[in-house]
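Below is one structure; the comments refer to it alone.
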Amino acid sequence: MDSLLAGAVRLIGAFAVGACILAGADGRAFAQTGGKVPELASNPSNWAWVRVRADGRNALYGDGWLDPPAGLRGPIKNHPDHPLQGNNDRQGRQVTVAIGNHMDPILKPWAAEQVRVSNEEVLSGKRGMPFLATSRCYPGSVPGQLLWTTEPFYFVQNPKMVHMVWQRDSLSRRISMTDKHSEYVKPSWFGESIGRYENGELVVDTIGLSATMSFIDMFRTPHSEKLRVMERFKLTADGKFLEVLVKAEDENAFNEPMHMMARWRKQEGEWKEFICAENNDDRFSHNLFPIPRAKKSDF
């Protein structure tokens, strides 16, 4: 098994390195190019992208979306009566769970009620911990997957497809480098993403997102299958940081578009196997959401 894993990691590394070569600085190999192509691809053999908080330290539980530029409507915040203290709080205060502000006027009534009910489950003690997709071995969907903190992720770029691969469970999201969505898109965890390069940014347009167990943020803000997400990924001038500006539009769930940001930095380290379902039991009787289980064996 160890030899098989090592072989798989080498293959991923070779793929990523090859993609870096294809993603040359002049960008001539890529379709849908307007200006310089950002070299986002990392090498699993020595470095990856790791999410950071506003002050540059590695993000941990409690560090959600960053605010967008001034003038744009930002993300849902924590409930004013339940300030969030994450596990990177340095002042000795007790860690709290994420309780979203269900009174935020951006939410349609049904969405606000769903957030309120989810909050009440935790506040009443029915559940010791709120649902967080990647902690319970579910894909984080779009854009929620971008908030995952603990394990790094990688870009793989080639002329027709950009892959985003997370070390956790080897979750993979595919971005087709084309200018038109399919005529019919069946809702799924990561939907259908199409991308283009524009002024040194990777611009991604995603539709077809399933609304089942899928949320915008750590506060369990829901959405409908009408959700459309636009992401603009860009490197900082020194190439050491990666930033994204996200726009989430859903006429069935939000009264106006929501904007949020996230940031990552380059971090040294090799790709490591991580299987979420291993040793992920409810050992402290928190009545956690059950992890996904197959109804039948694959073989």
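- In the hydrophobic cluster analysis, where Ile, Leu, Val, Met, Phe, Trp and Tyr join through side-chain heavy atoms closer than 4.5 angstrom, Met218 is grouped apart from Met261.
- The distance from atom CG of Asp81 to atom CD1 of Ile99, rounded to the nearest 0.5 Å, is 11.0 Å.
- With 3.5 Å as the limit, one finds a donor-acceptor pair spanning the side chains of Arg265 and Gln267.
- For the side chain to side chain donor-acceptor pair (under 3.5 Å) with Lys77, the lone residue among Asp104, Asp217, Asp67, Asn101 that qualifies is Asp67.
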Check the pair Phe254 / Ile216 against side chain to side chain contact (heavy atoms under 4.5 Å, CB included), numbers first and verdict last. CA-CA 11 Å; Phe254 311 137; Ile216 297 292; 3.8 Å; yes
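- Under a 3.5 Å cut-off, the side chain of Ser118 and the backbone N or O of Gln114 do not form any donor-acceptor pair.
- Of the possible donor and acceptor atoms, none in the side chain of Ser210 sits under 3.5 Å from a partner among the backbone N and O of Pro187.
- At a cut-off of 3.5 Å, with distance as the only test, no side-chain donor of Ser141 or Arg173 sits close to an acceptor on the other residue.
- At least one donor-acceptor pair under 3.5 Å links the side chain of Asn119 to the backbone N or O of Gly100.
- Using a 30° and 60° split on the angle between ring planes, Phe190 and Trp166 fall in the parallel class, below 30°.
- A donor-acceptor pair shorter than 3.5 Å cannot be found between the side chains of Asn58 and Arg53.
- Proximity of Arg174 to Ser193: side-chain heavy atoms (C-beta onward) are nowhere separated by under 4.5 Å.
- In terms of hydrophobic clustering, with Ile, Leu, Val, Met, Phe, Trp and Tyr side chains grouped at heavy-atom distances under 4.5 Å, Val122 and Ile76 are assigned to a common cluster.
- Atoms CD and CD, on Glu201 and Glu243 in that order, are 10.0 Å from each other to the nearest 0.5 Å.
- Glu268 CD: 12 or fewer foreign heavy atoms inside a 6.0 Å radius.
- His102 places a side-chain heavy atom less than 4.5 Å from the side chain of His79.
- Side-chain contact check for Trp65 versus Pro143: some heavy-atom pair is nearer than 4.5 Å.
- Counted by atom type alone, Ser182 and Glu192 present one or more donor-acceptor pairs between their side chains at under 3.5 Å.
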Do Trp148 and Glu151 pass the side chain to side chain donor-acceptor pair (under 3.5 Å) test, and can you show the C-alpha distance, the side-chain angles, and the key distance before you say yes or no? CA-CA 7 Å; Trp148 186 245; Glu151 282 83 35; 3.0 Å; yes
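- Across all their heavy atoms, Pro68 and Leu72 have their closest contact at CG-O, 3.7 Å.
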Side chain to side chain contact (heavy atoms under 4.5 Å, CB included) between Phe233 and Trp264, intermediate numbers included: CA-CA 11 Å; Phe233 293 91; Trp264 299 263; 4.2 Å; yes
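- Counting all heavy atoms, side chain and backbone alike, Trp49 lies closest to Gly239 at CH2-O, 4.0 Å.
- Taking each heavy atom of Tyr154 and Ala48 in turn, the nearest pair found is CE2-CB, 3.2 Å.
- Counting only N and O atoms by type, the side chains of Gln157 and Tyr197 include a donor and acceptor under 3.5 Å apart.
- Residue Phe155 is grouped with residue Leu235 when hydrophobic side chains (ILVMFWY) are merged at heavy-atom distances under 4.5 angstrom, including chains of intermediate members.
- Counting heavy atoms from C-beta outward, Leu245 and Pro69 have side chains that approach closer than 4.5 Å.
- Looking at heavy atoms from C-beta onward, Ser172 lies out of side-chain contact with Met164 at the 4.5 angstrom threshold.
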Begin with the C-alpha distance, continue with both residues' side-chain angles, and end with the deciding distance and a verdict on side chain to side chain contact (heavy atoms under 4.5 Å, CB included) for Leu107 and Thr221. CA-CA 9 Å; Leu107 298 174; Thr221 301; 3.9 Å; yes
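- For the pair Glu198 and Arg232, the salt-bridge criterion is met [side-chain N within less than 4.0 Å of a carboxylate O].
- Using a 4.5 Å heavy-atom cutoff, the side chains of Pro139 and Met213 are not in contact.
- Other residues, nucleotides and ligands contribute more than 12 heavy atoms inside 6.0 Å of the CZ atom of Arg73.
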Decide yes or no on side chain to side chain contact (heavy atoms under 4.5 Å, CB included) for Ile194 and Val204, but give the supporting numbers first. CA-CA 6 Å; Ile194 61 173; Val204 184; over 6 Å; no
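- Counting only distance, with no hydrogens or angles, the side chain of Arg51 and the backbone of Leu147 share a donor-acceptor pair below 3.5 Å.
- When each of Leu209, Ile207, Asn252 is tested with Lys226 by the rule side chain to side chain contact (heavy atoms under 4.5 Å, CB included), just one qualifies, namely Asn252.
- Nearest approach of Glu231 to Val142, heavy atoms of both residues: OE1-CG1, 4.1 Å.
- Linking ILVMFWY residues whenever their side-chain heavy atoms come closer than 4.5 Å, directly or via other members, places Val115 and Leu123 in the same cluster.
- Between Ile106 and Pro257, the shortest heavy-atom distance links the atoms CD1-O, 4.0 Å.
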Verdict with supporting geometry, Asp205 and Arg228, salt bridge (charged side-chain N to carboxylate O under 4.0 Å, His left out): CA-CA 7 Å; Asp205 176 11; Arg228 185 170 200 149; 2.6 Å; yes
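- Considering every non-hydrogen atom in both Gly208 and Val185, the closest pair reads CA-CG1, 3.7 Å.
- A donor-acceptor contact shorter than 3.5 Å links the side chain of Asp250 to the backbone of Ser224.
- Linking Ile, Leu, Val, Met, Phe, Trp and Tyr residues whenever their side-chain heavy atoms come within less than 4.5 Å places Val244 and Leu242 in a single cluster.
- Within the 4.5 Å cutoff, the side chain of Glu249 has no heavy atoms near those of the Val229 side chain.
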Side chain to side chain donor-acceptor pair (under 3.5 Å), that's the test. Do Asn255 and Lys108 meet it? Break it down for me. CA-CA 6 Å; Asn255 290 313; Lys108 297 283 189 181; 3.2 Å; yes
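- Looking only at side-chain heavy atoms (C-beta outward), Leu171 and Phe153 stay at 4.5 Å or farther from each other.
- Listed for the Arg263 side chain is no donor-acceptor partner under 3.5 Å among the backbone atoms of Leu66.
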